[in-house]
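Given the structure is predicted, the values throughout are model-derived calculations rather than measurements.
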Amino acid sequence: MTLNFIAMRNAAFIASTLLTSAVVQANTPPSLEDLLQQPIKNEAAAVEVSTSARSIKSVRNAPQATYIITDDDILTFNLKNLAEILSFMPGLYTSSDSAFEYLTVRGIGRPGDYNSRILFLVDGTRVNDNVYDAGLISDDFYIDTELIERVEYSPGAGSALYGNNAFLGVVNVITKRSNKLRGAEVSVSADSQHERQLRASYGMRQASGHEAWFSLSHSEQDNIPIANATLQPVFQTFEHDNQDSSNKVAATYRYKQLQMQVAGVRRIRQEPGFITDSLERAALTKSVSENYFIALQHSSELTADLAFFTNISTNQFAFDTLTPFELFPGNIQQYLFAVKGKWTSADMRFSYQGFADHQLLFGIDAQRDHHQRYALSINNIGPVNSSSGNNQRLGLYFQDEWRFSASQLLVAGFRYDHTDNGVTEVSPKLSWIWQPTATSTLKLSYGTAFRAPNEYESETNRFYQVAVPEAEQVKTTELIWNAQPSSHFSYYAALYYSKFSSLITSRAGQAAFIEFFNDQQVSSYGIETGLDYVWNFGGRLNLSLSLQQAEYQDGEKLTNTPQHLFKAMYSQPLPWQGWQLNWRSVAAAKRQNINGDIPGYSRHDVSLHWQPLSHFDVVLGIKNLTDKRYTDAPRPSANEFYQPGRRAELSIRWRFGQ
């Protein structure tokens with residue numbers, strides 16, 4: 001009996017048990033804990049965010065735009081990974097090569113970039129690795145989506161507070177507290193693309209202030225459709241070799257102002273690399289990634305006006321890829337590419353509010369890179385090429401929020417960064433916030449950001465004996481208007497202009513190593529607009545439109561960039577108790593590729609959410625309802641990859657023992 005059959009049999013048994021329990025308990029009144037878990041419906045401008053200012057602010061007072069996807073959105077639209085969550089955000093475009101998910105941000109999506117121009121945080125802890133600076137957003141991300149309270153995305157230059165990698169923006173994944181994970185919770189899901197997921201968690205909270213939760217999950221998928229559009233149709237007969245699986249563990253403990261967090265993920269991805277001449281078997285490409293972090297945070301009020309916060313974390317990253325190649329017909333060899341990184345980070349900051357009109361923030365963060373290693377060998381002989389490095393990074397930052405009138409706020413920030421590898425950067429930022437009325441806000445900001453060449457880019461160029469690229473630079477000006485004329489309706493518009501210099505770009509090609517160079521100057525400009533409307537009967541409509549342009553000095557457009565993005569999200573309760581209908585549409589204009597234009601497309605997702613009890617949920621959905629077949633080319637090779645087709649999904653979540 002195979003593991004897949006056992007997993008499906010267990011999932012069916014759990015599903016039938018949960019459905020039976022739901023019917024039996026349908027008339028049980030909600031407990032106080034159930035009521036506490038209900039989402040709070042805040043006015044849009046009053047929602048608190050922490051990413052753009054590195055401290056808690058209302059959306060109205062945050063120095064730049066912040067977009068949010070909540071746990072309610074994640075549940076009702078059945079979002080299975082961070083990439084799906086980010087695809088809901090204005091100005092963000094996701095694409096896949098079926099092994100890695102890529103982000104294009106406001107028109108900037110360099111082929112082969114592993115999301116290194118976005119800084120990723122989990123509850124404020126940096127999780128970009130220290131070899132590629134990669135941001136993992138697929139099944140290799142640390143946290144299951146059902147454990148996420150909300151995801152905040154703050155676009156624009158963020159180096160004035162966060163330093164390296166906060167180049168195009170910052171994404172902060174904020175996990176749930178024990179009031180939403182109290183007791184035991186089990187969730188199972190399966191879909192028509194042969195993916196199965198199982199998660200179990202347990203959370204507790206005591207009157208003394210101690211709270212904790214623990215979660216384990218497993219997902220697997222086989223018979224994955226072959227995504228590479230350049231491969232011959234015969235490859236489809238080897239879909240059974242196209243497999244993916246991951247295991248995750250996460251835990252959090254809190255007591256008063258102390259928090260400890262642990263998370264780890266192991267993912268195995270296997271796919272046919274090429275087919276032997278006999279057509280009897282496929283040579284397999286296999287990658288194994290293992291990532292974990294441990295973080296300790298503490299905050300305290302030293303005086304009535306002075307607060308102190310510290311965050312210390314240790315992270316480890318390992319990625320091994322086995323790639324077959326044919327030296328001559330019938331002679332199959334294997335590349336082994338092994339990468340390992342380990343680093344420790346510390347962040348300490350003081351917040352002072354002793355002045356009547358000023359709020360000051362002082363901070364220092366440092367990172368010690370213990371290991372930055374990779375090695376390439378052939379048939380376990382070698383290595384043919386290897387690198388081993390370490391680095392130390394130090395950042396000092398300061399921010400002053402000066403309220404010089406009842407309706408106006410000036411936010412000035414400044415940061416100094418230095419690394420042992422010879423990178424020294426100064427990143428200023430200035431924001432003016434004006435609230436002409438109680439329901440409207442105008443923001444004007446200017447800031448700079450940088451991204452230093454990562455270890456992989458630097459060592460690859462040393463292998464080719466060419467100069468290491470210089471650090472990337474960007475200067476961004478942004479004007480934002482948002483208003484909430486009524487408790488039912490809000491809207492926003494953001495105009496931005498960014499000028500990039502020294503963008504690090506890879507040479508197009510298929511080699512194991514591809515050298516990097518600093519590209520010519522690039523300009524990116526556009527507008528992001530959106531609205532949110534809520535009806536009295538509970539229906540909600542969210543629309544966003546992004547018009548963006550990214551081009552070189554000579555007017556040539558950047559590849560991998562959709563110039564127009566439209567996103568719509570609609571939810572409505574149905575006449576039957578506990579039922580809700582959800583609809584989502586995405587439309588993207590054509591994208592340029594070095595081999596020619598890739599056509600635009602529109603795709604639609606629909607789901608039904610049934611919640612007969614506050615602690616029981618069933619979601620049935622279909623993603624890419626019309627089975628729209630479209631491609632993207634996120635790799636330097638410029639090969640086109642088919643994006644996911646139609647997929648029917650069923651997810652069941654049950655919380656008990658609360």
Q.
Tell me whether the NZ or CZ atom of Arg106 lies within the 45° cone about the ring axis of Tyr496 and under 6.0 Å from its centre.
A. yes

**Q.** side-chain contact (heavy atoms from CB on, under 4.5 Å) evaluation trace for Phe500 with Ser524
**A.** CA-CA 8 Å; Phe500 300 88; Ser524 171; 3.6 Å; yes

(Q) Show, in sequence, the C-alpha distance, side-chain angles and deciding distance for Tyr93 and Asp632, and conclude whether the side chain to side chain donor-acceptor pair (under 3.5 Å) test is met. (A) CA-CA 11 Å; Tyr93 181 76; Asp632 276 306; 2.7 Å; yes

Q. Does atom CD of Glu470 have more than 12 heavy-atom neighbours from other groups under 6.0 Å away?
A.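 Not more than 12 within 6.0 Å, no.
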
Q | Trp481 CH2: over 12 foreign heavy atoms closer than 6.0 Å | A | yes

Q: Dump the intermediate steps for side-chain contact (heavy atoms from CB on, under 4.5 Å) on Asp129 and Trp343, then the final yes or no.
A: CA-CA 8 Å; Asp129 72 63; Trp343 66 99; 3.9 Å; yes

Is the backbone N or O of [Y] less than 3.5 Å from a side-chain atom of [X], with the two atoms forming a donor-acceptor pair by type?
X: Ser159; Y: Phe450; answer: yes
X: Arg591; Y: Ala589; answer: yes
X: Gln549; Y: Gly526; answer: no
X: Trp213; Y: Lys176; answer: yes
X: Thr477; Y: Tyr446; answer: no
X: Glu101; Y: Ala83; answer: no
X: Lys248; Y: Phe141; answer: yes
X: Arg415; Y: Leu161; answer: yes
X: Asn115; Y: Gly135; answer: yes
X: Asn172; Y: Gly124; answer: yes

(Q) For Ser345 and Asn315: C-alpha separation, side-chain torsions, deciding distance, then whether side chain to side chain donor-acceptor pair (under 3.5 Å) applies. (A) CA-CA 8 Å; Ser345 301; Asn315 305 57; 5.0 Å; no

Ion pair check, [X] and [Y], cut-off under 4.0 Å:
X: Arg393; Y: Asp417; answer: no
X: Glu149; Y: Arg177; answer: no
X: Arg126; Y: Asp133; answer: yes
X: Arg584; Y: Asp73; answer: no

Minimum-distance pair of heavy atoms, taken over all atoms of [X] and [Y]:
X: Asp71; Y: Ile148; result: CB-O, 3.2 Å
X: Glu84; Y: Leu79; result: OE1-CA, 3.3 Å
X: Lys567; Y: Leu86; result: NZ-O, 4.4 Å
X: Phe404; Y: Leu410; result: CE2-CB, 3.8 Å
X: Arg635; Y: Pro111; result: O-CB, 3.5 Å
X: Val151; Y: Met89; result: O-CE, 3.5 Å

Q: Test Asp365 against Arg349 for side-chain contact (heavy atoms from CB on, under 4.5 Å), laying out the working first.
A: CA-CA 8 Å; Asp365 60 38; Arg349 58 183 181 266; over 6 Å; no

Let me confirm one number: the [atom1]-[atom2] distance from [X] to [Y], rounded to the nearest 0.5 Å.
X: Arg110; Y: Thr505; atom1: CZ; atom2: OG1; value: 5.0 Å
X: Ile480; Y: Thr441; atom1: CD1; atom2: OG1; value: 10.0 Å
X: Tyr497; Y: Lys475; atom1: OH; atom2: NZ; value: 10.5 Å
X: His564; Y: Leu545; atom1: NE2; atom2: CG; value: 8.5 Å
X: Leu296; Y: Thr125; atom1: CG; atom2: OG1; value: 9.5 Å
X: Ser490; Y: Leu531; atom1: OG; atom2: CG; value: 8.0 Å

Kindly state whether the ring of [X] and the ring of [Y] have centres lying under 6.0 angstrom apart.
X: Tyr132; Y: Tyr456; value: yes
X: Tyr153; Y: Phe88; value: no
X: Phe120; Y: Tyr142; value: no

Under 3.5 Å, is there a donor on one side chain and an acceptor on the other for [X] and [Y]?
X: Gln257; Y: Glu301; value: no
X: Ser98; Y: Arg269; value: yes
X: Tyr102; Y: Asp97; value: yes

When you compare the side chain of [Y] with that of [X], does any pair of heavy atoms fall below 4.5 Å?
X: Asn518; Y: Ile504; result: yes
X: Pro453; Y: Phe516; result: no
X: Lys623; Y: Arg603; result: yes
X: Arg540; Y: Met569; result: yes
X: Tyr397; Y: Gln399; result: no
X: Met348; Y: Phe308; result: yes
X: Lys340; Y: Gln316; result: yes
X: Phe167; Y: Val105; result: no

Q.
With side-chain hydrogen bond (donor to acceptor under 3.5 Å, both in side chains) as the test, pick out the partner of Asp144 among Ser217, Ser246, Ser201.
A. Ser217

Q: Start with the C-alpha distance between Arg451 and Glu457, add both sets of side-chain angles, then the distance that settles salt bridge (Lys or Arg N to Asp or Glu O under 4.0 Å), and finish with yes or no.
A: CA-CA 12 Å; Arg451 185 182 78 88; Glu457 293 164 342; 3.1 Å; yes

Q) Taking the six-membered ring for Trp, are Phe317 and Phe319 parallel (under 30°), tilted (30 to 60°) or perpendicular (over 60°)? A)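 Correct class here is parallel.
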
Q: Take Asp369 and Asn390, measure what side chain to side chain donor-acceptor pair (under 3.5 Å) needs, and give me the verdict at the end.
A: CA-CA 5 Å; Asp369 295 313; Asn390 56 66; over 6 Å; no

Q.
So, applying side chain to side chain contact (heavy atoms under 4.5 Å, CB included) with Asn391, which one of Arg368, His370, Gln372 is it?
A.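 Result for side chain to side chain contact (heavy atoms under 4.5 Å, CB included) with Asn391: Gln372.
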
Q) Taking it one step at a time, do Gln367 and Asn130 satisfy side-chain contact (heavy atoms from CB on, under 4.5 Å)? A) CA-CA 10 Å; Gln367 179 169 314; Asn130 70 337; 4.0 Å; yes

